[in-house]
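To find a chain, count down the sequence lines: A is the first, B the second, and so on, and within it residues start at 1.
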Amino acid sequence: MLKFHNTLTNNLEEFQPLDGNDVKMYVCGPTVWSFAHIGNFRTFVFGDVLRRYLKYKGYNLTHVFNLTDVDDRIINEAKKAGKTIDEFTAPFIEAFWEDFDALGLERPEIAPRATQHVAEMIQIIETLLENGRAYESDGSIYYRIAAFPDYGKLSKINFAGNVSGASGRVDTDKYDKENANDFALWKLVDADEPTGWDASFGRGRPGWHIECSAMAIKYLGETFDLHAGGVDLKFPHHENEIAQSEGATGKQFAKVWLHSEHLKVEGETMSKTAGNYFTFRDLIEKGYAATAIRYLLFSVPYHKQLNFTFETLDGAEQTIARLRDFRKRLQEANLPDGINTDLEGKVRGFLADFETAMDDNLNTSVALAALHNLVRETNTAMAHEVACTEDRSLILHIIDKFEAVFGIFGEPQEEILDSEIENLIEERRAARRNRNFARSDEIRDLLSEKGIVLEDTKDGVRWKRK
RNA sequence: GGCGGCGUAGCCAAGUGGUAAGGCAGAGCUCUGCAAAAGCUUUAUUCAUCAGUUCGAUUCUGAUCGCCGCCUCCA
């Protein structure tokens, strides 16, 4: 039975969708002002593993994943570049989806953009103005936290002992607010400012938090099952989403909140000044495989901090290469007909281990251990020549089940060698048969230069690309 | 200043009141003409430090040291 640690209740809870077999889920996406970094992608990979496991469990999923394509930073950067915000964000949106696909992330059912849902945001703000949970000040609209007693229920924040501005991220806006904690729903813009929308309460642009409320309610309804995002969003972003949504609808917003912990790099916070800031693209340029990056990002349970190191990434490269090679060898192996029930039992046990681990708040570390145990047991059985054809079918089927969630093997590639290389392999085979090892080694070196690695096995020569 | 999390082998880490998963690296072996690759085996008397509770603690409690995060727009 699937259980999640719900940030809202701070409990491990059995997951029970609101509506039968349908699961409605919202994951906060990126602000598209730059290329997404590996920390961002840790959260998005978590969202993907969550998504895939819900589908694995047989749920019918509606997954909404937003793109924030308007905020102060985007407006300022666009202005500097002499572009509209759409012109400015377009290449980053394109790059984001490229990275997203490369990491094997499944596209969500709905990926709305903030700028295309301003009308829905305006509606919510109007409702909040009507019911007294919002007010106007100097042309901007603010949320009146004093009118929402539940404020703080997600983050459990204790305002009494807090030092305002202790984070060094004080709101730079100089608007008058009734209360320091009130936040902007709508910001007044100057008449000559190109980025702005007309509303009954004046021309302006939306605050950050309102977009997620508007898009979640539009596509998932006033109450839905799951809401996920990075821990840093817990406060204020998610807290404010709750205030806005519940303040407008009078109904519980998301039932379960999941927060993914941050990625550290070499034990430190990732920052540009520290020189340990990496985008996904940076790592690809360094020659790392997207599947290895994916593997590393979910190898630690989402709710624990993960320390990224290049030593570990090198390890992940090795690991996925080994896994992929394992599947290929298993497919190609010469096995006796029949079934080894001993192996069968072990292998079914590993599948059960996988599900138990994933059911336990998505313990991906333990789930991966089940996969590795399956690989080792199968290899041992093959080495002892006690693995049979029916075992193979079962094991490949189980790997497919793991893969539906992990997404690290990739499609089996049927690569074709060009005739020149094929001829060389054949010539080397002949040379070895004639014990002409000098020529044999020469060809091996030649092929190696061409990126082809040969393996001489009992069942003949295997090759693969470096 | 308020609040929370973490510290497990060279690296990444799981985990539990009853004696330490898994991956990478390392070592040994098998295979091989030799390699490479692959595979197998192996690798922490010990879980930051110091006290305490307990028959028993890495796991609970307290203190200390170190790291990370949130405290108004960062995943």
Participant: For T319(A) and T312(A), find the nucleotide of RNA chain B closest to each by heavy atoms; which residue's nucleotide sits nearer the 5' end?
Facilitator: T312(A)
Participant: Looking only at atom C1', what distance separates G7(B) and U43(B), rounded to whole Å?
Facilitator: 23 Å
Participant: Pairs under 3.5 angstrom, nitrogen or oxygen only, protein versus nucleotides 26-33 of chain B, please.
Facilitator:
from, atom 1, to, atom 2, distance (Å)
G33(B), O6, R432(A), NE, 3.4
G33(B), O6, S440(A), OG, 3.3
G33(B), N1, D441(A), OD1, 3.1
G33(B), N2, D441(A), OD2, 3.0

Participant: Once side-chain contact (heavy atoms from CB on, under 4.5 Å) is applied, do any residues pair with A369(A), and if so which ones, sequence neighbours excluded?
Facilitator: none
Participant: Who pairs with H117(A) by ring-ring contact (aromatic ring centres under 6.0 Å, His included), at least two apart in sequence or on another chain?
Facilitator: Y219(A)
Participant: Considering only A13(B), G22(B), A36(B), which nucleotide approaches the side chain of V453(A) most closely?
Facilitator: A36(B)
Participant: Assess the pair H238(A) and H227(A): is the distance between their ring centroids shorter than 6.0 Å?
Facilitator: yes
Participant: What protein N or O atoms touch nucleotides 4-6 of chain B N or O atoms at under 3.5 angstrom, if any, and at what distances?
Facilitator:
none

Participant: I need the CG-P distance between N373(A) and G23(B), as an integer number of Å.
Facilitator: 7 Å
Participant: Scan every strand shown for a Watson-Crick or G-U wobble partner of A9(B), both distances under 3.5 Å, and answer none if you come up empty.
Facilitator: none
Participant: Can you name the residues that form a side-chain contact (heavy atoms from CB on, under 4.5 Å) with D282(A), not counting sequence neighbours?
Facilitator: F278(A), T279(A)
Participant: If you count the non-hydrogen atoms of other residues, nucleotides and ligands that lie under 6.0 Å from NZ in K3(A), is the total more than 12?
Facilitator: no
Participant: Using a 4.0 Å heavy-atom cut-off, does L306(A) contact any base of the nucleic acid, only the sugar-phosphate backbone, or nothing at all?
Facilitator: sugar-phosphate
Participant: I'd like the C1' distance from C24(B) over to U42(B), given in whole Å.
Facilitator: 15 Å
Participant: Let's see if you can work this out: which of C68(B), A13(B), C71(B) has an atom nearest to the side-chain heavy atoms of E268(A)?
Facilitator: C68(B)
Participant: Counting only heavy atoms from other residues, nucleotides and ligands, does the tally under 6.0 Å from CD of E94(A) exceed 12?
Facilitator: no
Participant: Between A25(B) atom C1' and F310(A) atom CZ, what is the distance in whole Å?
Facilitator: 17 Å
Participant: Taking pairing as Watson-Crick or G-U wobble with both contacts under 3.5 Å, can you name the mate of C70(B), or confirm there isn't one?
Facilitator: G2(B)
Participant: Pick the closest RNA chain B nucleotide for A369(A) and for D360(A) by heavy atoms, then say which residue is nearer the 5' end.
Facilitator: D360(A)
Participant: If you check the Y295(A) side chain, which of G23(B), A36(B), C71(B) turns out closest?
Facilitator: G23(B)
Participant: Output a table of donor-acceptor pairs, distance under 3.5 Å, between side-chain atoms of residues 431-438 of chain A and any protein atom two or more places apart or on a different chain; print 'none' if there are none.
Facilitator:
from, atom 1, to, atom 2, distance (Å)
N434(A), ND2, A430(A), O, 3.2
N436(A), OD1, R439(A), N, 3.2

Participant: Report the base-pairing partner of U43(B) (Watson-Crick or G-U wobble, both distances below 3.5 angstrom), or none.
Facilitator: none
Participant: List every contact pair, protein side and nucleotides 40-42 of chain B side both N or O, where the distance is under 3.5 Å.
Facilitator:
from, atom 1, to, atom 2, distance (Å)
C40(B), OP1, R376(A), O, 3.3

Participant: Stacking between H262(A) and the base of A75(B) (centre distance under 5.5 Å, interplanar angle under 30°)?
Facilitator: yes
Participant: Need one value for S365(A): base, sugar-phosphate or nothing, where a base atom within 4.0 Å counts as base even if backbone is also close, heavy atoms only.
Facilitator: base
Participant: Across the strands shown, which category fits L263(A) at heavy-atom distances under 4.0 angstrom: base, sugar-phosphate, nothing?
Facilitator: base
Participant: Can you tell me the pairing partner of U16(B) across any strand shown, Watson-Crick or G-U wobble, with both distances under 3.5 angstrom?
Facilitator: none
Participant: Tell me which residues in residues 38-50 of chain A put a heavy atom below 4.0 Å from RNA chain B, sorted by number, or none.
Facilitator: G39(A), N40(A), T43(A)
Participant: Whom does U64(B) pair with, Watson-Crick or G-U wobble, provided both distances fall under 3.5 Å?
Facilitator: A48(B)
Participant: Indicate yes or no for a side-chain donor-acceptor contact from N66(A) to the backbone of G29(A) under 3.5 Å, with no hydrogens or angles considered.
Facilitator: yes
Participant: Please confirm whether the shortest side-chain N or O distance from R329(A) to OP1 or OP2 of G39(B) is below 4.0 Å.
Facilitator: yes
Participant: Can you name the closest pair of heavy atoms from T269(A) and N276(A) and give their distance?
Facilitator: O-ND2, 3.1 Å
Participant: Nearest to the side chain of W208(A), which nucleotide is it out of C70(B), C73(B), A14(B)?
Facilitator: C73(B)
Participant: Counting N and O atoms only, with roles assigned by atom type, does the side chain of W186(A) sit under 3.5 Å from a partner on the main chain of G202(A), one being a donor and the other an acceptor?
Facilitator: yes
Participant: In chain order, what residues pass the side-chain hydrogen bond (donor to acceptor under 3.5 Å, both in side chains) check against S155(A), with sequence neighbours excluded?
Facilitator: E239(A)
Participant: Looking only at atom P, what distance separates U58(B) and U19(B), rounded to whole Å?
Facilitator: 12 Å
Participant: Kindly write out the residues that satisfy side-chain contact (heavy atoms from CB on, under 4.5 Å) with E385(A), not counting sequence neighbours, or none if the list is empty.
Facilitator: K458(A)
Participant: Has N363(A) got a side-chain N or O lying under 4.0 Å from the OP1 or OP2 atom of A14(B)?
Facilitator: no
Participant: Please give, in whole Å, the distance from G22(B) P to F350(A) CZ?
Facilitator: 10 Å
Participant: Using whole Å, what does the distance between atom P of nucleotide C3(B) and atom NZ of K234(A) come to?
Facilitator: 15 Å
Participant: Check the pair Y295(A) / F406(A) against ring-ring contact (aromatic ring centres under 6.0 Å, His included), numbers first and verdict last.
Facilitator: CA-CA 8 Å; Y295(A) 177 95; F406(A) 293 152; 8.1 Å; no
Participant: Once ring-ring contact (aromatic ring centres under 6.0 Å, His included) is applied, do any residues pair with F44(A), and if so which ones, sequence neighbours excluded?
Facilitator: F41(A), F65(A), F96(A)
Participant: I need the NE2-P distance between H238(A) and C73(B), as an integer number of Å.
Facilitator: 15 Å
Participant: What is the distance from CD of Q318(A) to P of G10(B), rounded to the nearest Å?
Facilitator: 21 Å
Participant: Considering Watson-Crick and G-U wobble pairs with both distances under 3.5 Å, what does C34(B) pair with?
Facilitator: none
Participant: If you measure from the C1' atom in U45(B) to the same atom in A38(B), how many Å do you get, rounded?
Facilitator: 34 Å
Participant: Can you tell me how far C1' in C60(B) sits from the matching atom in A21(B), rounded to whole Å?
Facilitator: 23 Å
Participant: Looking at residues at least two apart in the chain, or sitting in another chain, which of them share a side-chain contact (heavy atoms from CB on, under 4.5 Å) with V347(A)?
Facilitator: L343(A), L374(A), T378(A), L394(A), I395(A), I398(A)
Participant: Tell me if a side-chain donor or acceptor on T380(A) pairs with a main-chain N or O of R376(A) at a distance below 3.5 Å.
Facilitator: yes
Participant: According to the Watson-Crick and G-U wobble definitions, with both distances under 3.5 Å, which nucleotide is paired to U53(B)?
Facilitator: none
Participant: Over all strands shown, is H237(A) touching base, sugar-phosphate only, or nothing at heavy-atom distances under 4.0 angstrom?
Facilitator: nothing
Participant: Tell me whether N76(A) contacts the main-chain N or O of D72(A) through its side chain, where contact means a donor paired with an acceptor under 3.5 Å.
Facilitator: yes
Participant: Can you measure Y302(A) atom OH to G69(B) atom C1' for me and round it to whole angstrom units?
Facilitator: 17 Å
Participant: Select base, sugar-phosphate, or nothing to describe what T309(A) touches, counting heavy atoms under 4.0 Å on all strands.
Facilitator: sugar-phosphate
Participant: Counting side-chain heavy atoms from C-beta on, which of G23(B), C12(B), G10(B) comes nearest to E311(A)?
Facilitator: G10(B)
